[in-house]
A.B. asks: 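Okay, handing you the structure first.
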Amino acid sequence: MDDVIRLTATEAVAQLHRGEVSPLDLIDAAAERIAAVEPQVNALPTLCLDRARDHAKRLMAGEGRELAGGAGWLGGLPVTIKDLTDVAGVRTTYGSPIFRDHVPAASHPLVRRIEARGGIVVAKSNTPEFGAGGSTFNEVFGRTRNPWNTALTCGGSTGGGAVSVATGEAWLAQGSDHGGSLRRPATYCGVVGMRPSPGRVTRGSVNNLFSPLSVQGPMARNVPDLALFLDAMAGWCPLDPMTYDAPARTYAEAVAAAEAERPRRIAFSPDFNGQLPVDRETRELCARAVLAFEAAGCVVEEFAPDLGQLGEAFLILRSQSFVVDREAQLAAHRELIKPDIIWNTERGLAATPSQLAWADRERAAFYRRMAALFERYDVFITPGAATPAFDVMLRNPDSIAGVKLENYMAGSMINAAITLAGCPAVAVPCGFDRYGRPVGLQIAAPPRRDAIALQAAALFERVGGFGLRAPIDPRPGTVPPPEAPAPA
């Protein structure tokens, strides 16, 4: 079983195709690994192993194999689904006491797509309440811990998914991203996570169907596995008006050609030209790591667009999403909702039409500056997170690089800026700080050029040698001291 969990997703699917392992073998391996590591990390609070085995038996009997061998075919590979996303017959709480005992009758359209392509759901991964927050904890299931140091957070909001992949509880994890919820946990846990372009993956049942801020996406141990899972997810969905057809060339094929189709010019900025606070050692590590692209023949230049007042614009626009999703719940169950969500929703309710219009203009102006950047550069690279993993008992760090954070989203702007530009972005590991905490890069490409972001990430993974080859065993540790304020 130990050998099986150390296979990459791509290797496991190949073995499934050749009949060297069965879906039931992989489920048994996942179940054994889950039992071994869950007491230390609390990543997968809800298991559905009987359901998974029933699905595996149907698949092995030939049911639903008409897609076998096609793009994104998973062939019976176990995956985890974020607890924000419905799986039929499986407890789905959204991390909220309001839905503590909720069991949906139907699966989310994305889950149906993944299962139709041979993915087998073995568990629901932990998430902050309604996905709001950069640390994964809630009143239903408690806190999820970082496997590299269990005293630290795994990030949020796809924290449980990141941990499940890093520890080998599953080969792939589905998640969602608004202000960094796939990229930040991937960075903190030393795996890869991707925010696809809006419309690339169906969001199906959400009420914010016409907003590009929240997306669904994949997490994996390496970039080829990430591309495989995106191929399983991608495509037009009649329930999501923003979706469009999957590409003619698969993302797996694009990643295989990464070295031949490497980016020519790369823009890199450790902190958006000083406009955002970023941990000092993170800046230095990322600046050194990005030089691997130069060794691969790429031109790397330090450049970033002006952010303007994008932080305030993001909060205004994000708060409107909370009004759409949480206004009725706030009226009916205020006492069961955490303060950050109340604050975000009430901020949205208080916004004026003029403020909303200003925020849209500010976002459009930033988009145009990013478009100008991509006229000169193929990809834009920053750190994957502004700070390494912090104390698991905190909602968010109090400060970054000596700058006090005013709200729980203030440390996420290095990710949220890419969200507002509509760009696909891949978080990929690039090393460890002096305390052994993973650090990563965020590689962004122009909108709807997801293959370019994946190719650049795959190239970096190959030339830099930072891919997580084997799952890790959870490690106890202590909380590092906060970074000293930067000199005046």
Side-chain angles (χ1 to χ4, degrees), residues 42-46 48 81-111 123-144 153 155-161 174-181 203-211 213-216 239 314-352 356 392-396 406-410 412:
N42 187 35
L44 303 177
T46 302
C48 49
I81 301 294
K82 190 173 181 178
D83 200 32
L84 298 182
T85 307
D86 288 353
V87 176
V90 179
R91 184 185 183 193
T92 302
T93 72
Y94 319 118
S96 167
I98 301 169
F99 295 96
R100 180 184 297 273
D101 300 314
H102 173 60
V103 179
S107 290
H108 187 281
L110 178 57
V111 173
K124 304 300 297 295
S125 63
N126 205 20
T127 178
E129 184 178 332
F130 295 124
S135 185
T136 295
F137 68 92
N138 58 62
E139 295 301 319
V140 183
F141 297 122
R143 301 175 188 275
T144 299
T153 181
S157 62
T158 315
Q174 170 271 346
S176 57
D177 188 296
H178 186 124
S181 289
R203 298 155 302 146
S205 60
V206 302
N207 289 319
N208 284 293
L209 276 175
F210 295 88
S211 170
L213 295 182
S214 289
V215 301
Q216 301 273 337
L239 297 174
F314 175 66
L315 286 179
I316 290 172
L317 295 169
R318 175 180 169 87
S319 294
Q320 290 309 302
S321 296
F322 277 76
V323 173
V324 173
D325 288 335
R326 306 292 157 229
E327 182 179 19
Q329 289 163 358
L330 187 60
H333 303 286
R334 184 186 183 95
E335 74 284 0
L336 296 177
I337 297 175
K338 71 178 182 179
D340 292 333
I341 294 175
I342 295 174
W343 170 78
N344 238 162
T345 307
E346 291 185 337
R347 200 181 196 281
L349 289 167
T352 67
L356 294 172
V392 71
M393 302 307 294
L394 297 177
R395 291 177 180 268
N396 50 265
E406 296 180 358
N407 57 70
Y408 81 103
M409 287 302 298
S412 297

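None of the values given here were measured: they were computed from a predicted structure.
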A.B. asks: For a side chain to side chain donor-acceptor pair (under 3.5 Å) with Ser157, tell me which candidate from Ser181, Ser176, Ser135 qualifies.
C.D. replies: Ser181
A.B. asks: Given Thr93, which partner from the list Thr46, Asp83, Asn138 fulfils the side-chain contact (heavy atoms from CB on, under 4.5 Å) test?
C.D. replies: Asp83
A.B. asks: Is a side-chain N or O of Asn208 found less than 3.5 angstrom from the main chain of Ser211, in a donor-acceptor match?
C.D. replies: no
A.B. asks: How about Ser319 and Asn344: does a side-chain donor come under 3.5 Å of a side-chain acceptor?
C.D. replies: yes
A.B. asks: Could you check if a side-chain atom of Lys338 sits within less than 4.5 angstrom of a side-chain atom of Ile341, using non-hydrogen atoms only?
C.D. replies: yes
A.B. asks: Is Lys124 close to Thr92 at the side-chain level, that is, under 4.5 Å between some pair of heavy atoms?
C.D. replies: yes
A.B. asks: To the nearest 0.5 Å, what is the distance between CG (Leu44) and OG1 (Thr144)?
C.D. replies: 8.5 Å
A.B. asks: Below 4.5 Å, heavy atoms only, C-beta onward: do Asp177 and Gln216 meet side chain to side chain?
C.D. replies: no
A.B. asks: Keeping the roles fixed (side chain from Arg203, backbone from Leu209), state whether a donor-acceptor pair exists under 3.5 Å.
C.D. replies: yes
A.B. asks: Is the positively charged end of Arg143 above the ring of Phe137, judged by distance under 6.0 angstrom from the centroid and angle within 45° of the axis?
C.D. replies: yes
A.B. asks: Do we see a donor-acceptor contact under 3.5 Å between the side chains of Asn126 and Thr136?
C.D. replies: no
A.B. asks: Just wondering, do Tyr94 and Thr127 contact through their side chains at under 4.5 Å, heavy atoms?
C.D. replies: no
A.B. asks: Heavy-atom count around Gln329 CD within 6.0 Å, excluding the residue itself: above 12?
C.D. replies: yes
A.B. asks: Roughly how far, to the nearest 0.5 Å, is the CG atom of Leu110 from the CD1 atom of Ile81?
C.D. replies: 6.5 Å
A.B. asks: Taking the side chain as every heavy atom from C-beta outward, state whether Phe314 and His178 have any atom pair closer than 4.5 Å.
C.D. replies: yes
A.B. asks: Find out whether the Lys NZ or Arg CZ of Arg326 is both under 6.0 angstrom from the six-membered ring centre of Phe130 and within 45° of the ring's axis.
C.D. replies: yes
A.B. asks: Would you indicate whether the side-chain heavy atoms of His102 and Arg91 approach each other to under 4.5 Å?
C.D. replies: no
A.B. asks: Report yes if the side chains of Leu356 and Ile316 come closer than 4.5 Å at any heavy-atom pair, otherwise no.
C.D. replies: yes
